[in-house]
There are 2 protein chains.
Amino acid sequence: MRNTRKSGKVTLADVARAVGVSAITVSRALREPDKVSATLRQRIDHTIRELGYVPDPVARALVTGRTNIIGVIIPSVTNNVFADVLRAVYDVIRMTDFGIQLGNSRYSLLEEEKLVRLFLSQKPAGLIVAGVDQSEATRSLLVEASCPVVQIMEVGDDPIDMMVGFSHYEAARAATRHLIDRGYRRPAFVAARMDPRSQRRLQGFREETEVQGLFDETRIITTQRPSSVAMGVELFGELMSVAPDADAVLCNNDDLALGVLFEAQRRRFRVPDQLGICGFNDLEFCAVAEPSMTSVRTFRHEMGERAIRMLVSAIEGKRPEEALVDLGYEVVHRRSTR
Amino acid sequence: MRNTRKSGKVTLADVARAVGVSAITVSRALREPDKVSATLRQRIDHTIRELGYVPDPVARALVTGRTNIIGVIIPSVTNNVFADVLRAVYDVIRMTDFGIQLGNSRYSLLEEEKLVRLFLSQKPAGLIVAGVDQSEATRSLLVEASCPVVQIMEVGDDPIDMMVGFSHYEAARAATRHLIDRGYRRPAFVAARMDPRSQRRLQGFREETEVQGLFDETRIITTQRPSSVAMGVELFGELMSVAPDADAVLCNNDDLALGVLFEAQRRRFRVPDQLGICGFNDLEFCAVAEPSMTSVRTFRHEMGERAIRMLVSAIEGKRPEEALVDLGYEVVHRRSTR
DNA sequence: CTGTTAGCGCTTTCAT
DNA sequence: ATGAAAGCGCTAACAG
């Protein structure tokens with residue numbers, strides 16, 4: 001017999017009654033143990049276990065005006081990049097008593113806005129949102145929000161609150177430079193799901209090739225459709241039909257790059273001599289592909305970790321000194337480029 | 001000037017006062033519009049917009065004893081399989097006003113139990129958990145839970161409540177049969193992260209090869225370490241060192257299979273003649289790999305969709321007639337097997 | 001160190 | 001069709 005109330009619910013008052021103290025004392029024993037005498041604390045702890053009391057976070061949230069839920073809004077749950085960030089988030093909050101409410105904006109500013117509104121109405125402890133391209137409405141909601149906010153994936157000027165990411169523009173420029181340095185003279189850019197980050201990568205590719213006098217619009221193949229390995233196959237086919245002389249391809253991500261690699265093999269291209277391939281993100285498989293794949297390494301786990309740590313610090317009132325963290329990137333050369 | 005209270009919060013009472021009715025009437029206008037006269041309803045709606053009133057789900061949850069949050073507990077957020085399920089979940093709940101609290105049990109029964117306890121204490125509207133191998137404690141928590149529960153990924157006897165998945169044992173048996181039917185006589189099994197579902201796949205492989213008189217323990221290579229493409233490379237290397245005569249390999253999942261494919265290419269194996277490769281799940285890339293990859297298709301999106309639909313129906317009091325759905329599987333033959 | 005008093009914002013009776 | 005009263009379980013604020 002663990003409890004008696006008809007609802008099967010043991011409340012703070014029940015514990016208090018059993019111990020013979022007031023409810024607030026039990027509450028204190030739970031949240032600020034130092035403020036309760038040691039013996040009493042023990043008696044309370046004992047009774048709590050005996051009765052099987054479990055605090056009701058909802059009641060607490062009503063009075064404090066805050067839940068212990070951290071909202072995370074990302075544009076895709078199937079994209080490995082976000083999955084890696086999310087894993088890091090879980091690795092950290094596992095130690096805390098925060099929960100994660102995950103929202104999927106499906107790359108839509110409107111859905112993002114709805115989610116922000118929804119999440120905010122639930123009084124989250126903090127919010128993590130992807131990217132820096134929120135709608136005006138979303139942005140002001142977030143600015144006005146009474147909880148800390150971290151933007152991830154990218155860095156930019158004027159963060160809403162805190163920010164951790166890297167420059168997609170710079171990363172793509174560096175990758176383009178890598179290809180050119182390796183001697184490729186007709187580099188192509190292949191991308192799907194042209195979200196703002198992809199746009200900035202394209203911009204990096206464009207400006208670097210222009211600077212080097214190697215820009216050619218026909219070697220830019222993009223689509224709004226979702227990214228996938230199959231899409232890499234398709235886009236490479238397209239590239240070959242409009243610019244068969246392309247000698248290298250910078251892909252917007254590693255899935256596309258894998259598709260390009262498969263299709264290149266199917267067409268008996270010699271990689272990397274006849275065709276150089278560079279991915280983006282350096283997913284785990286890049287290192288072991290055959291041939292192994294050049295890619296731009298991004299620090300996704302660290303990004304999630306830093307983001308959640310900054311957020312938790314801010315929630316606890318200790319604002320981290322650096323509210324804008326640029327994690328950088330690293331072009332990792334492997335056998336798919338010469 | 002949208003609101004006046006110092007907290008910046010507009011409450012039901014504010015709206016009621018502005019309209020000149022009681023709070024409960026506003027509450028009704030929101031949740032049971034039919035019970036309020038049309039004209040009044042309009043005035044209320046108007047005032048709500050004017051004041052920018054947003055209902056407080058926390059206060060509602062305190063009195064109703066239920067939030068509108070659906071808890072989802074999966075063992076991994078980076079595994080594509082769960083990501084696909086999750087995407088489906090979002091595709092459906094997007095239309096509703098439910099939110100998703102996502103928990104990551106990291107393949108640990110203990111962490112799963114903690115998450116269930118945590119989630120349950122927050123009064124979820126419903127719960128989705130992966131697999132059928134909960135700890136005894138978790139199971140009884142779930143059985144006693146006052147919200148509907150759906151187990152996904154697998155089917156088994158005695159569901160906690162509802163269930164949608166497929167038989168991993170049968171699926172692996174069918175894949176093994178496929179290899180044998182194709183003429184392979186020394187099939188191997190390669191697996192990482194030996195969770196219960198992997199164990200049952202192994203069991204399926206084992207029993208089918210035994211029945212056909214082709215079982216050989218040395219051709220079973222498994223590890224508890226996490227699965228990855230790189231791990232596929234490693235395990236295939238191990239297989240080749242202990243059983244170099246293996247002529248086919250059934251992989252526990254597609255990532256491993258991709259690793260095996262890469263390593264086989266590196267070693268200049270002729271796939272599929274010299275070596276047949278079969279993956280599991282039929283991720284998107286299987287169809288476009290070079291050579292394209294045989295795999296066991298699983299219906300992950302449908303699984304997530306069915307699960308969340310069943311759950312929502314149950315939450316709304318309309319229990320679906322079929323509380324146990326077996327989605328089956330399909331061996332998809334492609335060029336990586338002859 | 002411990003208690004009293006008020007409510008948080010909403011919905012459930014039970015009336016009218 | 002509308003309302004009054006009561007309270008969900010907890011904690012802030014102020015005593016003592």
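Naming: A, B, ... by sequence-line order, numbering from 1 per chain.
- Between Thr64(B) and the phosphate of dT11(C), there is no side-chain N or O to OP1/OP2 separation shorter than 4.0 Å.
- Classification of Asp91(B) and Arg106(A) as a salt-bridged pair holds, one side-chain N sitting under 4.0 Å from a carboxylate O.
- The main-chain N or O of Pro159(A) is never found under 3.5 Å from a side-chain atom of Gln151(A) such that the two would form a donor-acceptor pair.
- Rounded to whole Å, the distance from CG on Leu40(B) to P on dG3(D) is 7 Å.
- Under 4.0 angstrom from either OP1 or OP2 of dG3(C) there lies at least one side-chain N or O belonging to Thr25(A).
- Summarising the geometry, the separation between CZ on Arg60(B) and P on dC10(D) is reported as 21 Å, rounded to the nearest angstrom.
- A salt bridge is absent between Arg193(B) and Asp195(B); no separation between the charged side-chain nitrogens and carboxylate oxygens falls under 4.0 Å.
- Residue Ile24(A) has its side chain nearest to dG3(C) when only dG3(C), dG9(D), dC10(C) are considered.
- Among the protein residues, Val58(B) comes within range of no part of the nucleic acid, since none of its heavy atoms lies under 4.0 Å from any strand.
- Contact between the side-chain N/O atoms of Ser22(B) and the OP1/OP2 oxygens of dT2(D) is not found at any separation under 4.0 Å.
- With hydrogens and angles ignored, the 3.5 Å screen pairs no side-chain donor or acceptor of Arg66(A) with any backbone N or O of Ala61(A).
- Across the protein-nucleic acid pair, Glu32(B) atom CD and dT2(D) atom P stand 13 Å apart, rounded to whole Å.
- One can place NZ of Lys35(B) at 15 Å from P of dG3(D), the figure rounded to the nearest angstrom.
- Residue Arg31(A) has a polar side-chain atom (N or O) positioned under 4.0 Å from OP1 or OP2 of dA12(D).
- Straight-line distance from the CZ atom of Arg66(B) to the P atom of dG9(D): 13 Å, rounded to whole Å.
- In this structure, Ser37(B) reaches the dT2(D) phosphate: one of its side-chain N or O atoms is under 4.0 Å from OP1 or OP2.
- Taking atom CG of residue Asp56(B) and atom P of nucleotide dC10(D), one finds them 17 Å apart after rounding to whole Å.
- Between Asn68(A) atom CG and dC10(D) atom P the separation is 14 Å, expressed in whole Å.
- Summary of the strand contacts: Val36(A) and Lys123(A) both lie near DNA chain C, and taking for each the nucleotide with the nearest heavy atom, the more 5' one is attributed to Val36(A).
- In this structure, the nucleotide among dC10(D), dT11(C), dG3(C) sitting nearest to the side chain of Arg28(A) is dG3(C).
- Per the geometry, CG belonging to Leu30(B) stands 13 Å off P belonging to dT12(C), to the nearest Å.
- In the set dC10(D), dT11(C), dG3(D), the nucleotide with an atom closest to the side chain of Val21(B) is dG3(D).
- Sparse packing is recorded around CD of Glu136(A), with 12 or fewer heavy atoms of other residues, nucleotides or ligands lying under 6.0 Å away.
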